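Right, one structure below, let's go through it.
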Amino acid sequence: MPPDWLLYLITDRHRVGSRGLHVAVADAMRGGVRAVQLREKDLPLRAFLPLAAEIRKLTAQMGARLLINGRVDVMLAVDADGVHLRSDSLPIRAVRGVIGPNKFLGVSTHSLVEVERAADDGADFVTFGPVYETPAKVRYGAPTGLDALATVCRRARVPVYALGGITRARIPEVVAVGAYGVAIIGEIMSSRDIEHAARTCLGAVRHATSRRSVDPG
């Protein structure tokens, strides 16, 4: 099932300050975000489950997709729209068998081999990166860069979202080399005006994809 969004917001409650995650996500959706990955990996299940239920209610009210990072059980419990896996976590084929064909299944990837494996095993889309240097992805090593992203996008059989250090200014160049869309954490979550940041990022990716569709080649 192909994703129906260009901007994929990944949450990080540690970046939103006193506003709280619920308010931050609501502001982002008011700015046009229509897909949210709940990725509070340091929360224990007893705290993560009620948070997921709260965010699920919010996304349903505002017409956005909600994907749960890593926890198929939580996804099922709150009836989220899908799940997002690491490339080395639960087997993708097994997860697809559990969630069925009508839920989204995204996979984080860091190489062409991982992208191809995810597509073979039933992923609907992948995030690829880190394209640029970013503290959130430092454990994955050096940035992949635009050349690697271009190669992956050219050969991938599923939509590829550029991830890692994505700013509003960098959106045109990742879309120009073939990214289907962008996955963003800090540029939106850390902003003093989340609604405005979401709106400007979404506007940038829409503009970039529209230019790609009319440019020669």
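Side-chain atoms are counted along with the backbone in the values below, which use heavy atoms only and exclude waters and symmetry mates. Just so we're clear, the structure is a prediction, and the values are computed from it rather than from any experiment.
Side-chain contact between V95 and L85 is present, with heavy atoms from C-beta onward closer than 4.5 Å. Contact check for R155 versus L112: side-chain heavy atoms found under the 4.5 Å cut-off. Between L105 and V83, some side-chain heavy-atom pair lies under the 4.5 Å cut-off. Contact check for V36 versus R65: no side-chain heavy atoms found under the 4.5 Å cut-off. Side chains of L38 and L67 form no contact here, defined as non-hydrogen atoms less than 4.5 Å apart. In this structure, the side chains of L76 and V98 come closer than 4.5 Å at one or more pairs of heavy atoms. For the pair V107 and D121, the minimum side-chain heavy-atom distance is 4.5 Å or more. By the 4.5 Å heavy-atom criterion applied to side chains, H196 and R30 are not counted as neighbours.
Across every non-hydrogen atom of I92 and A118, the tightest pair is CD1-CA, 3.7 Å. The nearest pair of heavy atoms linking L7 to C201 is CD2-CB, 4.3 Å. Minimum heavy-atom separation, I194 to I188: CG1-O, 3.3 Å. When every heavy atom of L9 is checked against every heavy atom of A28, the shortest pair comes out as CD2-CB, 3.6 Å. Counting all heavy atoms, side chain and backbone alike, M189 lies closest to A24 at CE-CB, 4.1 Å. The heavy-atom pair separating V158 from A119 by the smallest distance is CG1-CB, 3.9 Å.
Applying the ring-ring contact (aromatic ring centres under 6.0 Å, His included) rule to pairs touching residues 15-38 yields nothing, sequence neighbours excluded. The stretch residues 31-68 participates, sequence neighbours left out, in no ring-ring contact (aromatic ring centres under 6.0 Å, His included) pair at all. For residues 58-104, the set of pairs meeting the ring-ring contact (aromatic ring centres under 6.0 Å, His included) definition, not counting sequence neighbours, comprises W5-F104, Y8-H84, H84-F125.
With respect to the salt-bridge test (charged N to carboxylate O, under 4.0 angstrom), the residues D27 and R19 do not qualify. Salt-bridge formation is not detected for the pair K57/D79: no Lys NZ or Arg NE/NH1/NH2 atom is positioned less than 4.0 Å from an Asp or Glu carboxylate oxygen. Using a 4.0 Å cut-off between charged nitrogen and carboxylate oxygen, E187 and R168 do not count as a salt-bridge pair. A salt bridge links R13 and D42; the closest N-O separation between the charged side-chain nitrogens and carboxylate oxygens is under 4.0 Å.
To the nearest 0.5 Å, the span separating CD1 on I10 from CZ on R15 amounts to 10.5 Å. Of the inter-residue distances, the one linking L163 atom CG with H110 atom NE2 reads 8.0 Å to the nearest 0.5 angstrom. From L146, atom CG reaches atom OG1 of T144 across 8.0 Å, with rounding to the nearest 0.5 Å.
Between the R96 side chain and the G122 main chain, a donor and an acceptor come within less than 3.5 Å of each other. Here the side chain of D124 pairs no donor or acceptor atom with the backbone of P2 at under 3.5 angstrom. Remark: side-chain polar atoms of T109 are not paired, donor with acceptor, to backbone N or O of S111 under 3.5 angstrom.
Counting heavy atoms of neighbouring residues, nucleotides and ligands inside a 6.0 Å radius, atom CG of D147 does not exceed 12 of them. In the displayed structure, R199 atom CZ is contacted under 6.0 Å by more than 12 heavy atoms of other residues, nucleotides or ligands.
For E114, there are no salt bridge (charged side-chain N to carboxylate O under 4.0 Å, His left out) partners two or more places apart in sequence or in a different chain.
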Would you be so kind as to tabulate the donor-acceptor pairs closer than 3.5 Å made by side chains of residues 170-177, with sequence neighbours excluded?
unit_1 : atom_1 : unit_2 : atom_2 : d
R170   : NH1    : G165   : O      : 2.7
E173   : OE2    : Y132   : OH     : 2.4

Output a table of donor-acceptor pairs, distance under 3.5 Å, between side-chain atoms of residues 178-185 and any protein atom two or more places apart or on a different chain; print 'none' if there are none.
unit_1 : atom_1 : unit_2 : atom_2 : d
Y180   : OH     : P3     : O      : 2.8

* **Audit row: D120, R117, side chain to side chain contact (heavy atoms under 4.5 Å, CB included) steps and yes/no** => CA-CA 5 Å; D120 288 343; R117 184 185 304 126; 5.6 Å; no
* To do: Carefully, step by step, assess L149 and F128 under the rule side chain to side chain contact (heavy atoms under 4.5 Å, CB included).
  => CA-CA 7 Å; L149 175 64; F128 177 79; 3.8 Å; yes
* To do: Check the pair D193, E195 against side chain to side chain contact (heavy atoms under 4.5 Å, CB included), reporting the backbone distance first and the verdict last.
  => CA-CA 6 Å; D193 187 339; E195 181 177 345; 3.9 Å; yes
* Evaluate the criterion side-chain hydrogen bond (donor to acceptor under 3.5 Å, both in side chains) for residue pair E40 and T11; output intermediate values, then yes/no. => CA-CA 7 Å; E40 305 303 317; T11 71; 2.6 Å; yes
* Please test I68 against L66 for side chain to side chain contact (heavy atoms under 4.5 Å, CB included), starting from the C-alpha separation and ending with a verdict. => CA-CA 7 Å; I68 304 297; L66 175 64; 4.0 Å; yes
* **Full working for salt bridge (charged side-chain N to carboxylate O under 4.0 Å, His left out) between D81 and R56** => CA-CA 9 Å; D81 297 289; R56 174 54 174 161; 2.9 Å; yes
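Using a 4.5 Å cut-off between side-chain heavy atoms of Ile, Leu, Val, Met, Phe, Trp and Tyr, with links allowed through other members, V23 and M29 fall into different hydrophobic clusters.
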